[in-house]
Q: 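A single structure is presented below for examination.
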Amino acid sequence: MKLSEIFTYDGLVPELCAGTCEGVIRELLEVLAKADRINRQDRQQILQALIDRESNGSTGFGKGVAVPHCQHCAVKKTALAIGRSTAGLDFKALDKAPVYSVLLLLSPADDQDRHLQAMELIFRHLQRASFRKALRQAHTPEAIRELFAGIEAFEAD
Amino acid sequence: MSFSQELKPSKQTETADFERLPAMTEETLADSQEIAQEVRIPNSLGLHARPAMQLVDLANRFDAHLRIAKGKQLVDAKSIMQVMTLAATQGTMLTISAIGSDAPQAIDAMAKLIAEGFGEE
């Protein structure tokens with residue numbers, strides 16, 4: 001599995017408008033709906049699943065990143081959307097610090113292994129300060145795609 | 001086994017940030033012995049984010065240096081970012097290892113949490 005495969009084409013919100021966790025998730029789901037990765041009529045259900053997950057414990061894992069995620073039967077293919085916040089969001093993060101990058105991951109309900117692999121992939125990269133910095137600096141979907149392509153070319157070496 | 005070498009991903013020019021892992025001095029290493037225990041992930045959803053956070057929360061209540069290994073992969077049990085990279089599915093064998101004064105208690109507590117499936121099926 002590769003970041004470039006799961007990152008939805010045009011799946012970037014360059015500047016998140018919402019100030020709340022729910023609002024941010026809504027914005028990112030809108031992007032996924034526009035890209036036809038989810039059906040519009042399923043949005044509310046998926047939103048609820050993501051919010052339920054957040055209420056079980058914030059996915060603001062620290063170091064300025066949050067990874068809201070869920071597995072849902074309305075999701076056909078693993079999909080990643082990314083949102084940026086210049087000012088920083090209150091995501092009730094574990095380290096109580098503001099969140100600057102939100103990575104929303106949706107996985108199909110029936111493949112637990114693949115969901116864990118996608119989380120592993122995301123966290124393997126998020127561990128690195130340079131990756132987090134590059135994410136914060138990528139203002140366009142093209143810049144995100146270039147970032148991922150660069151990493152994958154390096155890893156394939 | 002060297003900590004820094006084992007923790008470093010192979011094909012990276014930079015190291016991940018391990019600022020959460022306190023520096024191991026020659027002194028602390030000489031003072032204590034590492035103990036380890038194998039555990040199997042029993043729950044059907046595996047070590048997903050919520051159990052990973054439970055595990056990291058628990059690890060942080062102890063002073064011991066705690067690490068979790070899956071095969072050759074070795075992570076700091078006190079870092080959620082690192083524990084999330086284990087992607088341990090149901091049935092996966094993990095080895096918890098600990099060095100420090102409360103190492104036995106830490107290992108017991110962590111092994112128990114895992115064996116009980118983090119309160120899941």
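Numbers restart at 1 for each chain; the letters A, B, ... are given by sequence-line order, proteins then strands. Heavy atoms only: backbone and side chains are in, while hydrogens, waters and symmetry mates are out.
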Q: What is the distance from atom CG of A:L126 to atom OG1 of B:T85, rounded to the nearest 0.5 Å?
A: 11.0 Å
Q: Does A:V102 share a hydrophobic cluster with A:L121, counting links as ILVMFWY side-chain heavy atoms below 4.5 Å and allowing steps through other members?
A: no
Q: Please say yes or no: joined through hydrophobic side-chain contacts below 4.5 Å, possibly via intermediate residues, are A:L105 and A:I38 part of one cluster?
A: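 Shared cluster, no.
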Q: What about A:F61 and A:L28, same hydrophobic cluster or not, with Ile/Leu/Val/Met/Phe/Trp/Tyr joined at side-chain heavy-atom distances under 4.5 Å?
A: no
Q: To the nearest 0.5 Å, how far apart are CD in B:Q73 and CD in A:E120?
A: 6.5 Å
Q: So, for A:R53 and B:A49, which heavy atoms are closest and what is the spacing to 0.1 Å?
A: NH2-CB, 3.4 Å
Q: Sort by residue number and list every residue of residues 66-101 of chain A having at least one heavy atom under 4.5 Å from chain B.
A: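 Those residues of residues 66-101 of chain A which have a heavy atom under 4.5 Å from chain B are A:H69, A:L94.
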Q: Are A:V31 and A:I6 linked, directly or through intermediate hydrophobic residues, by side-chain heavy-atom contacts shorter than 4.5 Å (ILVMFWY only)?
A: no
Q: Roughly how far apart are A:D113 CG and B:Q90 CD, rounded to 0.5 Å?
A: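 Those atoms lie 9.5 Å apart.
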Q: Kindly compute the distance separating CG (B:D76) from CD (A:Q127), expressed to the nearest 0.5 Å.
A: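 The distance works out to 9.5 Å.
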Q: Would the number of heavy atoms belonging to other residues, nucleotides or ligands and lying under 6.0 Å from CD of A:Q41 be above 12?
A: yes
Q: Which residue is it: B:T89, B:L86, B:L47? I am looking for the one with a side-chain contact (heavy atoms from CB on, under 4.5 Å) to A:L116.
A: B:T89
Q: Should A:L16 and A:L12 be regarded as members of a common hydrophobic cluster, given that ILVMFWY residues are connected when their side-chain heavy atoms come within less than 4.5 Å of each other, either directly or indirectly?
A: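 Hydrophobic grouping puts A:L16 apart from A:L12.
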Q: Could you look at B:M84 and say if it's the side chain, the backbone, both or neither that has a heavy atom under 4.5 Å from chain A?
A: both
Q: Could you check whether any side-chain N or O of A:Q112 sits under 3.5 Å from a backbone N or O of B:L45, counting only pairs where one atom can act as donor and the other as acceptor?
A: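 Yes: the side chain of A:Q112 pairs with the backbone of B:L45.
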